[in-house]
Amino acid sequence: MENILIIGAAGQIGSELTLELRKIYGNGHVYATDIKEADRDVRESGPFQLLDVMDDKHLIHFVIRHKITQIYHLAAVLSGNAEKLPNAAWHINMDSLMNILEVAKLVEDVKKVFWPSSIAVFGPTTPKKLAPQVTTMEPVTVYGISKLAGERWCEYFFRRYNVDIRSLRYPGLVSFKTEPGGGTTDWAVEIYFDAVRKGSYLCFLNEDTKLPMMFMADAIRATINLMELERSEISLHSAYNISGPSLSPSEVAEDIRRHIPDFSISYHPDFRQAIAETWPESVDDSLARSHDHWKPTYDLTKITDTMIGEIRKMTENK
Ligand code: AKB
């Protein structure tokens, strides 16, 4: 029997992943936690508790008391916010991961851990197109540095202590349930909400800045698939490249006009433009695809149709 702990269940990924895992493992076996209240459906469909991953003593007690067998650690300070408070972001991103790794090492019941990495591990010296799985990685943001260091720590704990850690380098994630906060790829969510609610969007990146993106349903499927693989099938205990469509703000704006012909967009690049320029515009995820035959199912058209349809429904129901 599996008992799963989600850290960051109120966030963009956690709020959707919790509900999917509850469908598979049963509501009572998926413990959603965060430092802030989660959405109502997360709180009401199964156990939810306030838990601070930085509090290592509380964390280990929780894991032992609930006989946790799998941990998904999703809490992090994203790229944009991390640049505002680099020391604090480094401390939160690294110490929280170290607490999880230590718990997984010490508590025998814990069999698997998922921790997300990001395309932010790449930097200006990485090839811009189809960034390879193994390549030059010289990130210049504190978030990217913390994700690259985190990948190295994951592999270290696997080699040294046999801790089974699995990870994906997520691209920008597009979703309608819970909005992201503080990332460089947040524009790809904001643009849809503003298109439906206001008919216009002021974008913080240039019109032609292309970045790797993925619709949340694909990211959730890729994550659960990876966690369900036999341990012997995992060749990488750092993080797999994974990718959906590469999108620029002007391309998304054009696609939105299929639904909202008068939609207008203007551009006022801020400090996140410099971050985006250091990331590749696409990544080569052939290794991940060869492992579990995973491939994305959402292209730009399907992302736009789903986002506009769902946001319209949410707006009408308010
Ligand atoms: C961010 O923009 O910081 C994140 C990421 C790409 O990891 N969405």
Side-chain angles (χ1 to χ4, degrees), residues 8 10-17 72-86 88-90 92-94 96-97 114-124 126 128 131 137 139-151 154 167-193 203-206 209-220 222-223 238-249 252 269-283 285 288 296 298 303 307:
Q12 192 199 9
I13 305 168
S15 58
E16 299 204 30
L17 186 63
Y72 288 75
H73 170 31
L74 307 170
V77 183
L78 297 185
S79 56
N81 278 350
E83 289 310 302
K84 293 179 193 156
L85 287 169
W90 173 258
I92 292 168
N93 289 356
M94 294 316 297
S96 65
L97 174 61
F114 179 82
W115 168 82
S117 185
S118 160
I119 53 161
V121 292
F122 299 119
T126 301
K128 273 268 165 224
M137 290 194 283
V140 292
T141 62
V142 69
Y143 174 68
I145 299 169
S146 75
K147 287 294 181 188
L148 183 54
E151 286 191 9
C154 288
S167 180
L168 298 170
R169 289 177 184 151
Y170 286 141
L173 298 179
V174 185
S175 67
F176 55 85
K177 190 174 183 314
T178 307
E179 289 187 54
T184 302
T185 57
D186 292 8
W187 69 267
V189 174
E190 292 172 3
I191 191 171
Y192 288 107
F193 277 90
C203 186
F204 59 78
L205 293 188
N206 276 330
T209 308
K210 226 183 224 280
L211 288 172
M213 297 287 174
M214 181 176 288
F215 193 63
M216 185 60 82
D218 278 335
I220 299 284
T223 305
S238 53
Y240 288 93
N241 277 2
I242 187 162
S243 187
S246 289
L247 304 174
S248 68
V252 176
D270 67 14
F271 69 100
R272 287 168 284 189
Q273 178 65 35
I275 299 177
E277 281 171 15
T278 71
W279 292 351
E281 68 178 56
S282 60
V283 303
D285 63 355
Y298 282 78
I303 292 176
M307 288 296 285

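Excluded from the calculations below are hydrogen atoms, water molecules and symmetry mates; all remaining heavy atoms, backbone and side chain alike, are included. One-based numbering, in listed order, for ligands and for the atoms of each.
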First-shell residues of ligand 1 [heavy atom, distance under 4.0 Å]: L78, S79, S118, I119, Y143, G183, T184, T185, W279

Derivation and outcome, side-chain hydrogen bond (donor to acceptor under 3.5 Å, both in side chains), residues S246 and E281: CA-CA 6 Å; S246 289; E281 68 178 56; over 6 Å; no

Under 3.5 Å: donor-acceptor pair, side chain of N241, backbone of A288: no

Electrostatic pair R169-E151, nearest N-O below 4.0 angstrom: yes

pair W115-K147: side-chain heavy atoms closer than 4.5 Å: yes

side-chain contact (heavy atoms from CB on, under 4.5 Å), paired with P171, selected from I242, T185, L247: I242

Side chain K128, main chain E277, donor-acceptor under 3.5 Å: yes

